[in-house]
Undergrad: 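Handing you this structure, nothing more for now.
Quick note on labels: first sequence line is chain A, next is B, and so on, each numbered from 1.
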Protein chains: 4
Amino acid sequence: MVYKKSEQRKQQILDCAKHLFAQKGYQAAQISDICEELKIARGTVYQYFENKENIFTTLIEQYFENMNKALPDTPVQSAFERGEMPDLTQIQNMLTDYTHAFLLHMYRDRDLGRIIFLEGFTALPGIKEKLFEFFEDRKQRTVAGLRLGAALGVLRPMNADLIASAMMGTTTRVILDFILEGRVTSEDELRPMAEELVAFQLRGVIAR
Amino acid sequence: MVYKKSEQRKQQILDCAKHLFAQKGYQAAQISDICEELKIARGTVYQYFENKENIFTTLIEQYFENMNKALPDTPVQSAFERGEMPDLTQIQNMLTDYTHAFLLHMYRDRDLGRIIFLEGFTALPGIKEKLFEFFEDRKQRTVAGLRLGAALGVLRPMNADLIASAMMGTTTRVILDFILEGRVTSEDELRPMAEELVAFQLRGVIAR
Amino acid sequence: MVYKKSEQRKQQILDCAKHLFAQKGYQAAQISDICEELKIARGTVYQYFENKENIFTTLIEQYFENMNKALPDTPVQSAFERGEMPDLTQIQNMLTDYTHAFLLHMYRDRDLGRIIFLEGFTALPGIKEKLFEFFEDRKQRTVAGLRLGAALGVLRPMNADLIASAMMGTTTRVILDFILEGRVTSEDELRPMAEELVAFQLRGVIAR
Amino acid sequence: MVYKKSEQRKQQILDCAKHLFAQKGYQAAQISDICEELKIARGTVYQYFENKENIFTTLIEQYFENMNKALPDTPVQSAFERGEMPDLTQIQNMLTDYTHAFLLHMYRDRDLGRIIFLEGFTALPGIKEKLFEFFEDRKQRTVAGLRLGAALGVLRPMNADLIASAMMGTTTRVILDFILEGRVTSEDELRPMAEELVAFQLRGVIAR
DNA sequence: CATGAATGAGAGTTCATTCAT
DNA sequence: GATGAATGAACTCTCATTCAT
């Protein structure tokens with residue numbers, strides 16, 4: 001037996017809930033909406049999930065799991081840890097790859113991205129923390145990178161905390177404005193966006 | 001200005017609702033919470049507002065009104081329109097003033113800022129549009145500025161739409177991370193933040 | 001203002017719930033039954049009580065409050081504590097008064113008595129303990145009395161714990177069989193019942 | 001007796017249901033609890049029993065069947081019917097044997113005893129009647145015995161109905177307090193209890 | 001203007017029962 | 001016989017809103 005019917009149904013409910021949450025928001029989306037759309041009974045949903053919150057949580061967890069799989073290790077840092085001394089062009093390429101992967105993941109799972117960006121903060125207890133943790137972790141790596149760069153004289157002196165926050169903001173806002181709002185219609189558009197973003201970010205921090 | 005008792009009560013309800021929405025979120029905050037806190041009857045609220053949504057809408061409107069009062073006209077553009085030719089330092093100062101005013105307004109009305117940033121998108125129909133409009137308007141001015149700068153050779157060639165979005169992102173993310181999360185505890189901290197932000201933004205776009 | 005309308009409604013709901021619980025049992029009785037009977041909306045009930053369990057709890061509390069008011073202090077014990085040495089006839093009278101008061105209270109609030117006797121044990125957490133406590137307290141006083149009597153040579157030697165339990169059983173079973181089942185139709189029947197019960201109980205324990 | 005697998009499974013379900021009902025109560029115990037514990041599917045239960053109530057009913061029926069097997073015929077009455085004239089000591093022994101058998105049966109099947117004592121009254125229609133009938137039957141025999149004894153001058157004049165109820169109460173309460181609450185831990189404790197109970201009961205009714 | 005008791009549609013959730021496989 | 005996914009009626013509880021006083 002290769003596939004499991006029950007797993008399929010579970011995923012079916014998740015998929016349905018995902019686009020409902022993305023469309024209406026967690027609060028407004030109702031269990032009965034799912035049931036109507038899938039033409040199943042209310043009780044069926046509760047065979048697969050303890051409650052509404054549990055559906056949401058499962059979605060978020062899946063998302064971050066996928067995200068962590070999709071994103072390469074913070075590449076610049078890794079290079080330094082391996083004792084390499086990448087030059088500026090190499091760094092720029094690494095960051096572009098990374099940003100591209102991030103945009104790509106966001107684009108491919110727009111619905112969930114929408115949910116997380118727009119609702120994650122208020123929604124349920126626990127989610128906010130998970131989200132915060134994810135972004136904080138990424139930001140701290142950036143802070144470390146900025147400090148190292150400044151120490152090496154490659155980057156200008158700056159308030160690394162603030163600038164890391166600002167850099168993160170460039171990406172998240174672009175995701176919001178372009179990807180989640182539907183202005184991007186093909187994956188091909190993402191590479192140039194990543195390049196442009198990284199160019200902007202790097203210019204803002206390099207020495208001279 | 002004549003003393004109007006009824007206006008006072010209306011504002012009293014708005015103030016109360018504001019911090020409740022900020023604390024619990026629009027959905028979770030209940031009309032009865034307001035009543036308890038102000039020690040008034042449920043019905044009284046409905047003498048001043050049609051419904052819950054109306055309270056929210058009024059808050060948002062007040063906010064943008066105040067914001068527009070607090071913010072200087074997009075200064076660089078205005079200067080150009082007056083036929084002036086500000087140099088880079090002057091532009092930097094203008095932008096810093098502007099950003100500072102923005103941060104200040106956000107800091108002074110943190111509760112509402114929190115509501116808008118965290119809930120505005122999903123909450124009620126109409127709000128999202130208003131919010132979008134506000135940010136879009138600011139962004140379009142930035143786009144225009146970037147294009148002009150590039151045409152004059154002061155700024156590097158770029159995807160102005162994307163970069164405008166990114167620039168807006170730097171500010172909004174910093175507001176989120178620093179002001180709304182309570183890491184800023186005095187207005188004095190805002191000026192250096194504005195300076196740092198503008199420095200980052202400008203470096204990202206100037207020619208050379 | 002002498003009476004409070006809201007207090008009346010609260011009591012009205014309690015009274016209604018009382019006879020419904022007595023008739024159908026706690027689980028089977030539904031909030032909507034109350035609403036139908038009182039011709040009020042479902043929500044109204046929840047203006048006065050947090051939830052179904054809270055209605056039940058309130059009833060039980062009222063009951064024990066009334067019970068403690070209605071019952072004279074355990075009289076024999078009190079007499080001894082005052083240094084008196086009541087003779088057997090006096091003791092028998094005291095016990096009869098006490099038992100009579102107990103039967104009377106049970107008779108007058110049969111519905112609640114029914115609920116407590118028949119459901120108290122299983123129903124909600126907390127109730128069982130309250131009930132147990134009440135009966136245990138009474139029983140412990142009996143145990144003390146039996147031990148004292150035996151020490152004084154008035155009562156025969158016995159397993160006081162067991163006999164106290166048995167004595168309590170005589171009363172509770174009679175309440176079950178006669179009062180709660182509706183075989184008693186007038187308060188006048190209770191005095192002879194109390195006399196008969198006490199006679200039986202005393203004969204079972206006196207020396208000789 | 002031929003080995004019947006299906007009968008075994010049925011009994012297995014009954015045994016499981018029994019301790020679940022005793023632990024959680026009829027309402028709170030769920031069919032799925034049984035399935036989990038026995039590691040069988042939900043549907044399987046319905047191959048052996050029409051519905052949940054049917055499981056309960058079957059348990060109760062088994063119980064009374066066993067009880068009737070375990071209890072000797074009401075012995076005093078039988079003796080009289082055989083024309084014998086047992087003296088007080090003989091009667092006391094007979095009653096003690098009988099009570100002992102009753103306690104023993106209750107002790108050996110505590111779970112079911114618990115269910116019956118604590119839930120029987122409210123639970124399902126039909127059960128209450130069966131229970132009532134059982135106790136009423138025993139009580140009527142006691143009433144007859146008391147009347148006969150009084151007529152013969154062996155017992156004092158009394159309200160036989162009431163006293164029979166009280167006598168039954170002594171036993172049932174002791175079962176409740178000692179056996180079902182787990183204060184009895186060995187069958188050996190039951191004989192003295194029976195003796196003490198009968199001693200108390202008899203003293204309450206004999207002439208003089 | 002203010003009150004607050006009353007409303008009632010509608011939400012999430014439960015669980016005994018069914019039935020195609 | 002056994003399975004377990006699916007059912008759906010029924011329940012408790014919520015809360016913005018109304019309206020007679």
Undergrad: May I have the distance from C/Asp33 (atom CG) to F/dC11 (atom P), rounded to whole angstrom?
TA: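 After rounding, the reported distance stands at 8 Å.
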
Undergrad: From C/Thr44 OG1 over to C/Ile34 CD1, what is the distance, rounded to the nearest 0.5 angstrom?
TA: 11.5 Å

Undergrad: Measure up the B/Phe56 and B/Tyr26 rings against each other and bin them: parallel (under 30°), tilted (30 to 60°), perpendicular (over 60°).
TA: perpendicular

Undergrad: Between protein and nucleotides 14-21 of chain E, map the contacts as a letter string: B base, S sugar-phosphate only, - none, heavy atoms under 4.0 Å, written 5' to 3'.
TA: BBSBB---

Undergrad: Is the phosphate of F/dA6, meaning OP1 or OP2, less than 4.0 Å from a side-chain N or O of A/Arg9?
TA: yes

Undergrad: Whole angstroms only, please: what is the CD1-C1' distance between C/Ile34 and F/dT12?
TA: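 Spelled out: CD1 on C/Ile34 to C1' on F/dT12 is 12 Å.
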
Undergrad: Of all the heavy-atom pairs spanning C/Leu14 and C/Leu59, show the shortest one and how long it is.
TA: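 Taking every non-hydrogen atom into account, O-CD2, 3.7 Å.
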
Undergrad: Can you tell me which stems involve DNA chain E, if a stem is defined as three or more consecutive Watson-Crick or G-U wobble pairs, both distances under 3.5 Å?
TA: E:2-21 with F:2-21

Undergrad: Using only heavy-atom distances, determine whether the side chains of D/Gln11 and D/Asp15 contain a donor-acceptor pair under 3.5 Å.
TA: yes

Undergrad: Does any non-hydrogen side-chain atom of A/Thr57 lie less than 4.5 Å from one of A/Ile60?
TA: no

Undergrad: Nearest 0.5 Å, please: how far is OG1 in C/Thr58 from NZ in C/Lys18?
TA: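 That separation rounds to 12.0 Å.
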
Undergrad: With a 4.0 Å cut-off on heavy atoms, is A/Phe49 in touch with a base, just the backbone sugar-phosphate, or nothing at all?
TA: nothing

Undergrad: A/Asn54 side chain to A/Asn51 main-chain N or O, any donor-acceptor pair under 3.5 Å?
TA: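 Not confirmed, A/Asn54 side chain does not pair with A/Asn51 backbone.
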
Undergrad: In terms of the angle between their ring planes, are C/Phe64 and C/Phe134 parallel, tilted or perpendicular, with boundaries placed at 30° and 60°?
TA: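 Plane angle between 30° and 60°, so tilted.
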
Undergrad: Want to settle it: does B/Tyr48 or C/Val45 sit nearer the 5' end of DNA chain E, counting the closest nucleotide to each?
TA: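 Checking each residue's closest nucleotide, the 5'-ward one belongs to B/Tyr48.
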
Undergrad: Give the rounded distance in Å between these two atoms: CG of C/Leu38 and C1' of E/dT7.
TA: 15 Å

Undergrad: Mind calculating the distance between CD1 (A/Ile13) and C1' (F/dT7) to the nearest angstrom?
TA: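 The distance from CD1 of A/Ile13 to C1' of F/dT7 comes to 13 Å, rounded to the nearest Å.
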
Undergrad: For a side-chain hydrogen bond (donor to acceptor under 3.5 Å, both in side chains) with B/Gln12, tell me which candidate from B/Arg9, B/Lys10, B/Gln8 qualifies.
TA: B/Arg9

Undergrad: Between E/dG4 atom P and B/Glu36 atom CD, what is the distance in whole Å?
TA: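 In whole Å, E/dG4 P and B/Glu36 CD are 13 Å from each other.
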
Undergrad: Between A/Gln8 (CD) and F/dG4 (C1'), how many Å, whole number?
TA: 16 Å

Undergrad: How many Å lie between CD1 on C/Ile40 and C1' on E/dG4, as a whole number?
TA: 15 Å

Undergrad: Nearest-Å distance, NZ (B/Lys24) to P (F/dA16)?
TA: 10 Å

